[in-house]
Q: 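To start, I am sharing the structure in question, which I have written as structure tokens.
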Amino acid sequence: MKILMVCLGNICRSPLAEGIMRHLSATQNLDWEIASAGTGNWHIGQAPDHRSVKAAKSFGYDISTQRAQQFNHSMFARYDLILVMDRNNLKDVQNLAQNEEERNKVKLFLDNDEVTDPYWDDALFNPVCLQVEERCKEIIKQLS
């Protein structure tokens, strides 16, 4: 299974999802490839936001070595499942799909809800981290 997590800048939500899912799938001995990307290009090559790194670390996850990348069309072929953090990014990724098969790979990370972007509020990083962790556990149960 190859899963790509997507948010806007690839520095807050999707790096959390990537790091947590990578860690949890490894502890379950699942041979999964997990990555993340952003629909925007502002942070390409940068580490996750220091607040995401801190929140992840407080829950036992190390995301400090990740680097932001921008979502591109070739990622449809590389990944089996593309999980997007909110509806705006869902629309942006789906607009890049060239056929129904590609569109069907793209889903909201929270099924029918959005992961709040914590970028503008420091107090949201830990709750978002917990929310992402719980959802990653659910996804592993559903797919394994």
Q: Indicate the atoms forming the closest heavy-atom contact of Arg87 with Asn112, along with that distance.
A: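 What the structure gives for the nearest pair is NH2-O, 2.7 Å.
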
Q: What are the two closest non-hydrogen atoms of Pro127 and Ala123, and how far apart are they?
A: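 Of all heavy-atom pairs spanning Pro127 and Ala123, the closest is CD-O, 3.2 Å.
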
Q: Within the 4.5 Å heavy-atom criterion, are Asp117 and Asp86 side-chain neighbours or not?
A: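 Not touching, per the 4.5 Å side-chain cut-off.
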
Q: Identify the residue among Asn88, Asn10, Asn72, Asp92 that makes a side-chain contact (heavy atoms from CB on, under 4.5 Å) with Thr39.
A: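 Among Asn88, Asn10, Asn72, Asp92, the one that satisfies the side-chain contact (heavy atoms from CB on, under 4.5 Å) with Thr39 is Asp92.
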
Q: Decide whether Met5 and Val106 are clustered together by the hydrophobic rule: side chain heavy atoms of Ile, Leu, Val, Met, Phe, Trp, Tyr closer than 4.5 Å, transitively.
A: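 Looking at the clustering, Val106 is in a separate group from Met5.
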
Q: If you apply the rule side chain to side chain contact (heavy atoms under 4.5 Å, CB included), what do you find for Asp49 with Phe125, and how did you get there?
A: CA-CA 10 Å; Asp49 186 290; Phe125 280 86; 4.1 Å; yes

Q: For residues Leu16 and Pro48, determine if any side-chain heavy atom of one lies less than 4.5 Å from a side-chain heavy atom of the other.
A: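 The answer is no, as the side chains (C-beta and beyond) never meet within the 4.5 Å cut-off.
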
Q: Would you call Lys105 and Glu102 a salt bridge, taking side-chain N to carboxylate O under 4.0 Å as the test?
A: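 Not counted as a salt bridge, because no side-chain N and carboxylate O are separated by less than 4.0 Å.
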
Q: What's the spacing between Lys107 NZ and Ile139 CD1 if we round to 0.5 Å?
A: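 The distance works out to 11.5 Å.
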
Q: Hydrophobic clustering (ILVMFWY, side-chain heavy atoms < 4.5 Å, transitive) - are Ile11 and Leu124 grouped together?
A: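 Per the 4.5 Å side-chain linkage, Leu124 and Ile11 are not co-clustered.
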
Q: Which distance, rounded to the nearest 0.5 Å, do you find between the CG of Leu130 and the CD of Glu133?
A: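 CD of Glu133 is found 6.0 Å from CG of Leu130.
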
Q: To the closest 0.5 Å, what do you measure between CG (Leu110) and CD (Gln131)?
A: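 If we round to the nearest 0.5 Å, Leu110:CG and Gln131:CD are 5.0 Å apart.
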
Q: In terms of hydrophobic clusters joined by side-chain contacts under 4.5 Å, are Leu83 and Tyr79 together?
A: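 Result: no, two separate clusters.
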
Q: Consider only side-chain heavy atoms of I, L, V, M, F, W and Y, link residues closer than 4.5 Å, and tell whether Ile63 and Val115 are in one cluster.
A: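 Ile63 clusters together with Val115.
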
Q: Find the distance between CE (Met21) and CH2 (Trp32) and round it off to the nearest 0.5 Å.
A: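 Those atoms lie 5.5 Å apart.
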
Q: Does Ile3 reach the side chain of Leu143, with side-chain heavy atoms less than 4.5 Å apart?
A: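 Side chain of Ile3 against side chain of Leu143, heavy atoms only: contact under 4.5 Å found.
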
Q: Given Ser36, which partner from the list Arg67, Glu18, Gln69 fulfils the side-chain hydrogen bond (donor to acceptor under 3.5 Å, both in side chains) test?
A: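 Result for side-chain hydrogen bond (donor to acceptor under 3.5 Å, both in side chains) with Ser36: Glu18.
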
Q: Report yes if some heavy atom in the side chain of Tyr119 is under 4.5 Å from a heavy atom in the side chain of Ser52; otherwise report no.
A: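 Of all side-chain heavy-atom pairs linking Ser52 with Tyr119, none is under 4.5 Å.
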
Q: Heavy-atom distance under 4.5 Å between the side chains of Phe76 and Val93, does that happen here?
A: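 Of all side-chain heavy-atom pairs linking Val93 with Phe76, at least one is under 4.5 Å.
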
Q: Taking Leu90 as the starting point, is it possible to reach Ile82 by hopping between hydrophobic residues whose side chains are less than 4.5 Å apart?
A: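 Yes, Ile82 connects to Leu90 through the hydrophobic network.
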
Q: Does CG belonging to Asn99 count more than 12 external heavy atoms closer than 6.0 Å?
A: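 Counting neighbours around CG of Asn99, more than 12 heavy atoms of other residues, nucleotides or ligands fall under 6.0 Å, so yes.
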
Q: In Å and rounded to the nearest 0.5 Å, what is the CZ to NE2 distance from Arg78 to His73?
A: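 Taking CZ in Arg78 and NE2 in His73, the distance rounds to 15.0 Å.
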
Q: Determine the minimum heavy-atom distance between Ser25 and Ile140, stating which atoms define it.
A: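 Residues Ser25 and Ile140, closest heavy atoms: N-CD1, 3.7 Å.
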
Q: Would you call Lys141 and Glu138 a salt bridge, taking side-chain N to carboxylate O under 4.0 Å as the test?
A: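 Between Glu138 and Lys141 there is no salt bridge, as every charged N stays at least 4.0 Å from the carboxylate O atoms.
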
Q: With side chain to side chain contact (heavy atoms under 4.5 Å, CB included) as the test, would you mind laying out the steps for Phe71 and Cys7 before giving the verdict?
A: CA-CA 9 Å; Phe71 184 86; Cys7 69; over 6 Å; no

Q: Just wondering, more than 12 heavy atoms not from Glu101 lying within 6.0 Å of its CD?
A: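 Count not over threshold, so no.
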
Q: Might you point out which heavy atoms bring Ala47 and Ser64 nearest each other, and give the distance in Å?
A: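 Shortest heavy-atom separation between Ala47 and Ser64 comes out as CB-O, 4.2 Å.
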
Q: Which heavy atom of Ala37 sits nearest a heavy atom of Gln70, and at what distance?
A: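 What the structure gives for the nearest pair is CB-C, 4.1 Å.
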
Q: Check the pair Val132 / Arg13 against side chain to side chain contact (heavy atoms under 4.5 Å, CB included), numbers first and verdict last.
A: CA-CA 8 Å; Val132 167; Arg13 297 169 290 175; 5.7 Å; no

Q: Give the C-alpha distance, both sets of side-chain angles, the deciding distance and a yes or no for side chain to side chain contact (heavy atoms under 4.5 Å, CB included) between Leu96 and Met75.
A: CA-CA 10 Å; Leu96 293 174; Met75 292 175 174; over 6 Å; no

Q: Is there side-chain contact between Val53 and Gln66, with at least one heavy-atom pair below 4.5 Å?
A: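 A side-chain contact is absent here, since even the closest heavy-atom pair is not under 4.5 Å.
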
Q: Atom NZ of residue position Lys57 - does it have more than 12 heavy atoms of other residues, nucleotides or ligands inside 6.0 Å?
A: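 Result for NZ/Lys57: open.
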
Q: Could you grab the distance from atom CG of Leu81 to atom NZ of Lys2, nearest 0.5 Å is fine?
A: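 One gets 13.5 Å once the value is rounded to the nearest 0.5 Å.
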
